[in-house]
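First up is the structure itself, then whatever we jot down about it.
Residues take their numbers from the sequence shown, with the count starting at 1. Since this is a predicted model, take the numbers as computed values, not measurements.
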Amino acid sequence: MTKHNKHHVVKEIKPNQHSQADEIQQALEHDSTIEMIANGETAILPTLAAKRSSNQLDTTPINFDKIIEDVANVIATTPDQYKCIMFTDLVGSTQYKREMGHTKGFMRNRMFCDICEEAIERNHGVVVKRLGDGVMAVFETAIDAVLAAMLMTSSLDSERKKLKKIVGKMDCRIGITCGYVKEIPGPSVDYIGHAMDKGARIEGIARTNQVLIDEIVYGLIHTKIRDYSDDIVIGPPRNLTLKGVGVSTLYEVSPKGRGLVGSIGYKARHLFD
């Protein structure tokens with residue numbers, strides 16, 4: 001029932017009606033905020049009001065000289081370290097969010113990053129940062145990085161049906177390299193160096209569900225990999241051009257039971273995914 005007065009319309013809220021908070025949450029979960037605005041239903045949207053008037057604008061110039069000095073000092077005083085770098089990526093995350101909404105998209109990304117993080121930590125690596133739909137991690141040894149990647153891919157493969165019911169298909173790409181980097185201190189530690197760029201490029205060129213390592217990683221693990229010959233298979237070398245990096249020799253590595261991505265056995269197992 002609606003009551004009228006000469007100034008405004010007051011709607012009676014029945015006990016079973018949703019609260020404003022509920023309506024806002026539903027709008028966010030169903031990505032309907034834009035539609036609500038278009039329909040003039042902005043009354044239930046939160047108000048983002050300015051907390052101070054425009055005459056309080058801070059016009060003091062930022063001290064660029066200090067920033068330049070601080071950055072230069074960090075770079076000059078930070079020693080190089082030899083690390084193994086891993087980048088992971090969840091395939092199709094942007095399309096999934098567009099089709100299923102950002103709430104489910106966040107859940108899917110979070111689950112993937114959690115899986116990656118556990119595999120990395122169980123193999124003595126450190127997650128440096130989450131990238132939304134993937135992670136960047138460092139390892140002290142190349143074999144640990146490869147074993148972490150094997151755990152990720154085999155876990156995703158073994159639980160594929162369960163994950164598909166919850167968040168849809170969950171496919172990944174992983175790239176691994178080694179090289180000298182600088183550890184940059186701050187509120188959150190970060191790394192810079194050629195190896196960072198190369199690792200990201202290797203991950204970016206990998207096919208769906210493929211783990212790629214470069215010639216540096218292969219050189220460091222090829223003797224140790226004999227200890228894992230019953231569990232891990234390495235594909236033939238391929239010379240590929242990495243944007244901004246140059247030509248690199250890359251190898252696919254995979255759990256033996258799973259097979260290489262391009263193999264007939266792998267394709268047969270994933271024919272109906």
Side-chain angles (χ1 to χ4, degrees), residues 84-97 99-100 104-105 107-120 122-123 125 127 130-137 139 142-177 198-214 217-218 221 225 228 230-238 240 242 248-273:
C84 194
I85 311 297
M86 170 191 285
F87 281 86
T88 74
D89 176 64
L90 177 59
V91 176
S93 58
T94 301
Q95 180 179 349
Y96 183 89
K97 284 186 288 186
E99 294 175 353
M100 304 301 295
K104 289 185 177 180
M107 178 181 177
R108 182 171 178 265
N109 289 358
R110 174 65 183 269
M111 287 179 63
F112 177 69
C113 288
D114 284 352
I115 291 167
C116 292
E117 187 161 330
E118 181 169 344
I120 289 164
R122 282 170 60 178
N123 286 278
V127 174
R130 294 192 173 197
L131 306 170
D133 56 357
V135 304
M136 188 275 278
F139 296 80
I143 191 64
D144 282 339
V146 171
L147 294 178
M150 297 300 95
L151 180 56
M152 288 178 210
T153 53
S154 60
S155 297
L156 289 172
D157 209 47
S158 64
E159 299 294 340
R160 185 165 295 276
K161 291 183 179 179
K162 180 189 293 185
L163 290 169
K164 189 174 181 179
K165 290 180 180 179
I166 301 171
V167 291
K169 288 178 63 177
M170 190 173 281
D171 299 316
C172 68
R173 288 188 291 260
I174 302 174
I176 306 173
T177 187
K198 189 176 183 182
R201 293 302 186 192
I202 294 172
E203 175 266 299
I205 207 170
R207 297 163 63 183
T208 298
N209 292 323
Q210 192 174 50
V211 179
L212 290 180
I213 63 174
D214 66 0
V217 177
Y218 179 80
I221 71 166
I225 211 69
Y228 303 94
D230 292 336
D231 304 308
I232 299 175
V233 59
I234 301 181
R238 297 175 60 203
L240 297 172
L242 305 176
S248 184
T249 303
L250 304 180
Y251 302 78
E252 180 183 354
V253 290
S254 177
K256 199 165 189 176
R258 176 175 174 266
L260 300 174
V261 166
S263 68
I264 296 176
Y266 178 89
K267 291 178 180 178
R269 281 193 297 275
H270 295 274
L271 186 61
F272 301 104
D273 284 354

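The closest side-chain heavy-atom distance from Ile205 to Leu250 is below 4.5 Å. Side-chain contact between Arg110 and Arg130 is present, with heavy atoms from C-beta onward closer than 4.5 Å. With a 4.5 Å cut-off on side-chain heavy atoms, Tyr218 and Ile225 do not count as touching. Side-chain contact between Leu131 and Phe87: present, with at least one pair of heavy atoms (C-beta onward) separated by less than 4.5 Å.
Contact record, Ala148 with Met86: CB-CE, 4.2 Å, taken as the closest heavy-atom pair. Of all the heavy atoms in Met111 and Met170, the pair that sits closest is CB-CE, 4.2 Å. Minimum interatomic distance between Leu260 and Gly235 (heavy atoms only, all atoms of both residues): CD1-CA, 3.7 Å. For the residue pair Ser254 and Gly259, the shortest heavy atom distance occurs at OG-O, 2.7 Å. Cys172 and Thr153 get closest at one heavy-atom pair: SG-CG2, 4.2 Å. Counting all heavy atoms, side chain and backbone alike, Leu242 lies closest to Ser248 at CD1-CB, 3.9 Å.
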- [ ] Please step through side-chain contact (heavy atoms from CB on, under 4.5 Å) for the pair Val135 and Glu117, ending with a clear verdict.
- [x] CA-CA 8 Å; Val135 304; Glu117 187 161 330; 5.7 Å; no
- [ ] Show your reasoning for whether side chain to side chain donor-acceptor pair (under 3.5 Å) applies to Ser93 and Asn109.
- [x] CA-CA 7 Å; Ser93 58; Asn109 289 358; 4.6 Å; no
- [ ] Show your reasoning for whether salt bridge (charged side-chain N to carboxylate O under 4.0 Å, His left out) applies to Arg238 and Glu252.
- [x] CA-CA 9 Å; Arg238 297 175 60 203; Glu252 180 183 354; over 6 Å; no
TODO: Output, in order, the C-alpha distance, side-chain angles, deciding distance and verdict of side-chain contact (heavy atoms from CB on, under 4.5 Å) for Ile232 and Leu147.
DONE: CA-CA 9 Å; Ile232 299 175; Leu147 294 178; 3.8 Å; yes
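The OG atom of Ser154 sits 10.0 Å away from atom CD of Glu159, with the distance rounded to the nearest 0.5 Å. Atom CD of Glu118 sits about 10.5 Å away from atom CE of Met152, to the nearest 0.5 Å. Residue Ile120 holds its CD1 atom at 11.5 Å from CD1 of Ile115, rounded to the nearest 0.5 Å. Put simply, CD1 on Ile202 and CD1 on Ile174 are 12.5 Å apart, with the number rounded to the nearest 0.5 Å. Distance check, rounded to the nearest 0.5 Å: CE of Met100 to CE of Met107 gives 11.0 Å. Rounded to the nearest 0.5 angstrom, Ile166 CD1 and Lys161 NZ are separated by 14.5 Å.
Inspection of the Asn209 and Asp171 side chains reveals an N or O donor paired with an N or O acceptor under 3.5 Å.
Considering Ile213, Asp214, Ile221 in turn, Ile213 is the only one that fulfils the side chain to side chain contact (heavy atoms under 4.5 Å, CB included) rule with Ile176.
Between the side chain of Arg108 and the backbone N or O of Asp133, no donor-acceptor pair lies under 3.5 Å. Looking at Thr88, its side chain never comes within 3.5 Å of a backbone N or O of Gly134 through a donor-acceptor pair. At distances below 3.5 Å, not a single donor-acceptor pair connects side-chain atoms of Thr177 with backbone N or O atoms of Ile85. Side-chain N or O atoms of Tyr96 include one that pairs as donor or acceptor with a backbone N or O of Val167 at under 3.5 Å.
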